[in-house]
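A short write-up of the structure that comes next.
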There are 2 protein chains.
Amino acid sequence: MGSKNIPGEGRAERKKRETRQKIVKVAMDLIQRQGFDNTTMEQIAEEADIARKTLYNYFPVKEAIVDQYVREMSAELAQKTLKNLLKLPDTRSRLLAALDNAYEWVEVNPEITGICLGYRLKNTCNGSLNSDNFTGTQSTLAEIIRLGQEAGELRQDASVSLLITPIEVFRGVVVLDWLKDRSRFELRKEMAKIVDLFLYGAINREEPPKMKHD
Amino acid sequence: MGSKNIPGEGRAERKKRETRQKIVKVAMDLIQRQGFDNTTMEQIAEEADIARKTLYNYFPVKEAIVDQYVREMSAELAQKTLKNLLKLPDTRSRLLAALDNAYEWVEVNPEITGICLGYRLKNTCNGSLNSDNFTGTQSTLAEIIRLGQEAGELRQDASVSLLITPIEVFRGVVVLDWLKDRSRFELRKEMAKIVDLFLYGAINREEPPKMKHD
DNA sequence: TATATTATTATACAATGTGTATTTATCTAT
DNA sequence: ATAGATAAATACACATTGTATAATAATATA
């Protein structure tokens, strides 16, 4: 514990950070072993050797602990993924690779994924918009889109943030769909279709456009 | 109460249906007046003149009452909307009209919308997939896409259910985005951009149907 | 009418999350 | 180094949620 000495950090701040880390570690151990619902805040507090009320000082709800954990994983994953992106030839393959990486994790951690997505949506609604709300996957996707625009491959009349919306959301939805019934389809195959739809749109290109005004 | 006599319905079934309706009515009155969090299940039960436990027999969680209400509203709205769709010339205008209608309601009921979306996502995760999980807006969008495919306007190599995913999801996301900070943009303008993106895709084209926005 | 079935209820319970006040640890200025 | 300021940790009490159990009431069916 406290292996890293961060310069402008007093004892209090360091201990807080350590406690926070310990909570996440201890909580995730319990949750992975017993399931989310079967793990109480009491237990987590006990195991982390703090009072229950203190635990609530660090994380206002149980889901927030899971969210913190997923953010850390996601950031870590994004860092690794980012390096490999430039090796790939175009936007399509980059998108597929990035999503593929993310799903690998999702497939192994379905419960955690579901809890985290639900929590984030709820928070989005309640409007407490955090500035550090940017997850690892999101930053990866943003970079892919930026690269695509730079190369002239993607349309430039739409901002990165507008373009990221659909693809980011597709990701969430496909995951949810898959969580509902894991045997129904293969996550990756479905994702490939969605990426295609995102890139080329829903309009039929075989025939000339039929957009007539009257 | 009990104004409609449904043929094969005994006394018990009728009373159950009536109680259910009464709960939704009473609960929504309270929630609209006091807010969701300030309305307790105790209060709702009291007002509906049933025991708290009985209330839980009808709705397992408070959010489920709101969801039920939104479903009813949504179905009603969809019926009205559907009639006007055929008068419109193409998919683009139909999509915009349908979403426009839906947003009118959302703008008036932001809290309810947020609660309902959050609840549905959570349920999706937990995998209890209801067969009657199809909302009014979804059926409207499905019909629009079906019409578009029939006219050869939309690509036919993708199923309705696949095509509906992105547009349905866009809808949710734009709403969420708007809920976060209602002053930031106009719901309808943003939606128009998203519809374009859905139809024409993110790829840069030689003769592009450029997005028309400021 | 008698009986089986199902819904309602009272009661008790575990757990979540909050508010308040007290104690403890850390930081800062002298 | 010490005293006071500041912030965190804690104990305690509380309202609320949602569940489990068993007794009671209402309804359907024979």
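Just so it is clear: chains get the letters A, B, ... in the order the sequence lines come, proteins before strands, and each one is counted from 1. Quick caveat: nothing in here was measured; it's all calculated off a predicted structure.
If you take CD1 of A:Ile44 and C1' of C:dA15, they are 12 Å apart, rounded to a whole angstrom. At whole-Å resolution of the value, CD1 in A:Ile23 and P in D:dA8 are 13 Å apart. At whole-Å resolution of the value, NZ in A:Lys16 and P in D:dT10 are 13 Å apart. The distance between atom CD of B:Gln43 and atom P of D:dT16, rounded to the nearest whole Å, is 8 Å. When rounded to the nearest whole Å, the span between CG of B:Leu55 and C1' of C:dA7 equals 14 Å. Across the protein-nucleic acid pair, B:Asn57 atom CG and C:dA7 atom P stand 8 Å apart, rounded to whole Å. The nearest whole Å value for the distance from the NZ atom in B:Lys53 to the P atom in D:dA23 is 16 Å. Atom CG of B:Asp37 is separated from atom C1' of C:dT16 by 14 Å (rounded to the nearest Å).
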Check: What's the verdict on side chain to side chain contact (heavy atoms under 4.5 Å, CB included) for A:Lys25 and A:Lys22, showing C-alpha distance, side-chain angles and the deciding distance?
Finding: CA-CA 5 Å; A:Lys25 186 189 179 323; A:Lys22 188 173 186 183; 5.7 Å; no

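Interatomic distance, B:Leu141 CG to B:Arg146 CZ, rounded to the nearest 0.5 Å: 13.5 Å.
Nucleic acid contact class of B:Phe59 (heavy atoms, under 4.0 Å, all strands): none. In this structure, B:Thr40 reaches the sugar-phosphate backbone alone: every heavy-atom distance under 4.0 Å involves primed, P, OP1 or OP2 atoms, never a base.
Residues B:Glu143 and B:Gln138 have side chains not in contact (no heavy-atom distance under 4.5 Å, counting atoms from C-beta outward).
Comparing atom distances between the B:Ala51 side chain and each of C:dA10, D:dG18, C:dG17 picks out C:dA10 as nearest. Checking D:dA9, C:dT16, D:dT17 against every side-chain atom of A:Tyr56, the shortest atom distance belongs to C:dT16. The side chain of B:Arg52 sits closest to C:dA12 out of D:dA9, C:dG17, C:dA12.
OP1 or OP2 of D:dA9 has at least one side-chain nitrogen or oxygen of A:Tyr58 nearer than 4.0 Å. Neither OP1 nor OP2 of D:dA8 sits under 4.0 Å from any side-chain N or O of A:Lys15.
The two residues B:Val26 and B:Ile44 make their nearest non-hydrogen contact at CG1-O, 4.0 Å. Contact record, B:Leu88 with B:Arg94: O-NH2, 3.2 Å, taken as the closest heavy-atom pair.
Side chains of A:Glu47 and A:Gln43: no donor on one and acceptor on the other come within 3.5 Å. A:Arg155 and A:Gln149 are not linked by any side-chain donor-acceptor pair at a separation below 3.5 angstrom, with hydrogens and angles left out of the test.
Comparing the start and finish of the helix from C:dT1-D:dA30 to C:dT30-D:dA1, five pairs each, the helix axis swings through 20°, to the nearest 10 degrees.
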